There are 2 protein chains.
Amino acid sequence: MPATPTKPRQKTKAATARQDILAVAARKMRQTGYSDMSLRDLATEVGMKAGSLYYHFASKDALATEVMCLGVEVVQQAVQTALAKQPDSTARDRLIIAMHVHIETLLSESDFSSAHIRCYPFVPDTVRNELTTVRKSYDKDWNDLICAFLDKPAEAAEVRHLRHALLGALNWSLEWFDPSRDDINAYVKSLAHLLPE
Amino acid sequence: MPATPTKPRQKTKAATARQDILAVAARKMRQTGYSDMSLRDLATEVGMKAGSLYYHFASKDALATEVMCLGVEVVQQAVQTALAKQPDSTARDRLIIAMHVHIETLLSESDFSSAHIRCYPFVPDTVRNELTTVRKSYDKDWNDLICAFLDKPAEAAEVRHLRHALLGALNWSLEWFDPSRDDINAYVKSLAHLLPE
DNA sequence: GTCTATAGACGGATAGAC
DNA sequence: GTCTATCCGTCTATAGAC
């Protein structure tokens, strides 16, 4: 079974290290916040020294930006994929699917997404600015879902309100959800029961 | 108009300074987070030097604890006062009143409450531990309101779910509400429209 | 790619004068 | 009550060896 040198699938050493750093950074940002994430500790957990991180990332800001950017992309991708599998479902069902996948990704899969949500308010302006594009893109996905569901124009206040209310109810789960006691399905069902019509 | 020395109403110098410190600390915690709030900057804004803060507070932790504790008490007091003025309203109306006062206090009045909400996830364990009592007390207020509204026992999952959903939808407003564009009344009305029955 | 070593700045906290 | 002065720790980031 020969290697395929024209299309090398194995990761380079640098790429692997990069991903390790990103994963640990996401977990630490989620747990301790942006400014309490020390690059020394981070490097130790990855198995290198602090200075070595700068081979992979230009600065702490740049690292945080990438973590938080991935945080949006991971959830967005998960939601879009799930929706693509149910092209014929009703607008209501599509909205509920999005809610389910969003909170599920947030709570079980991705430190990146929760790091984004928790750290965004306190991250330097330069970082926040670099996140506007991805954030707006994901916001638009929700706006489209809710527009279709409410059958209202995108600019309607009802659409924005419902979007903020739903994402608030979902994202706030970071503050209380305990997997040993709570159940994602049950919570989403409760939320779905609140939807109009 | 003589002073009333037996019941002096004027604040002592220390009490005034304490309150100044608390107010500025609340604003800075809300804006920059707990660990990015430097005591040097804080002292400068209050008009003193960093060392002087320690006459009023034993440590940065102690200061943060008091800010965040007040954050709960302010909202709780506002909600309880508003409810006491409408003793004969329905369970539904009482719940909506609580929602209204909660978000209004959060967004316009109190840096203390928003500092609590934003900083809680990242504050040292010792601080979090000292906040459990006040937090549980306010949680209970909401549980009672929702129990009455849903007519279910306090332990029912529906009650917990609706409490988390509503507080999530309300507290999340910290992340998007823009007073020049958004309207508290309109948002609360949208939320009330989602309530069952 | 990762290391060592360190620069340079800033953090919380304390002691003692006033 | 507030100040000055300072201790001591930690932080991000950089330079250069390997």
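A quick note: this is a predicted structure, and the numbers were derived from the prediction, not measured. Throughout, a chain's letter reflects where its sequence line sits, starting with A, and its residues are numbered from 1.
Remark: P of C:dT14 and CG of B:Leu53 are 13 Å apart, rounded to the nearest angstrom. For the pair B:Tyr55 OH and C:dA13 P, the computed distance is 19 Å after rounding to whole Å. What separates CZ of A:Phe57 from P of C:dG1 is a distance of 14 Å, to the nearest Å. Rounded to a whole Å, the CZ atom of B:Arg18 is 12 Å from the P atom of D:dT2. Rounded to a whole Å, the CG atom of B:Leu42 is 12 Å from the C1' atom of C:dG12.
Pairs engaging residues 34-50 of chain A under the salt bridge (charged side-chain N to carboxylate O under 4.0 Å, His left out) rule: A:Arg27-A:Glu45, A:Lys28-A:Glu45 [sequence neighbours left out]. Pairs of residues two or more places apart, or lying in two chains, that qualify as salt bridge (charged side-chain N to carboxylate O under 4.0 Å, His left out) and include a residue from residues 61-73 of chain B are B:Arg18-B:Glu66.
With hydrogens and angles left out, the side-chain atoms of B:Asp93 and B:Gln86 include no donor and acceptor closer than 3.5 Å. For the 3.5 Å distance criterion, the side chains of B:Ser35 and A:Ser35 qualify, holding a donor opposite an acceptor.
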Distance-only check: which donor-acceptor pairs under 3.5 Å involve side-chain atoms of residues 186-197 of chain A, not counting sequence neighbours?
residue  : atom : partner  : partner atom : Å
A:Tyr187 : OH   : A:Ala169 : O            : 3.0
A:Ser190 : OG   : A:Ala186 : O            : 3.2
A:Ser190 : OG   : B:His161 : ND1          : 2.8

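Placement of A:Leu63 and A:Val74 in two distinct hydrophobic clusters is found when ILVMFWY residues are connected by side-chain heavy-atom separations under 4.5 Å, directly or transitively. In this structure, A:Leu95 is a member of the same hydrophobic cluster as A:Ile184, with clusters built from ILVMFWY side-chain heavy atoms closer than 4.5 Å.
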Self-check item: Under 4.0 Å protein heavy-atom contact, by nucleotide of nucleotides 3-15 of chain D - B base, S sugar-phosphate only
Solution: BB-B----BBBB-

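In this structure B:Thr81 satisfies the side-chain contact (heavy atoms from CB on, under 4.5 Å) test together with B:Gln77, B:Lys85, sequence neighbours excluded.
Comparing the axis of the opening five pairs of the helix from C:dG1-D:dC18 to C:dC18-D:dG1 with that of the closing five pairs yields an angle of 10°, rounded to 10°.
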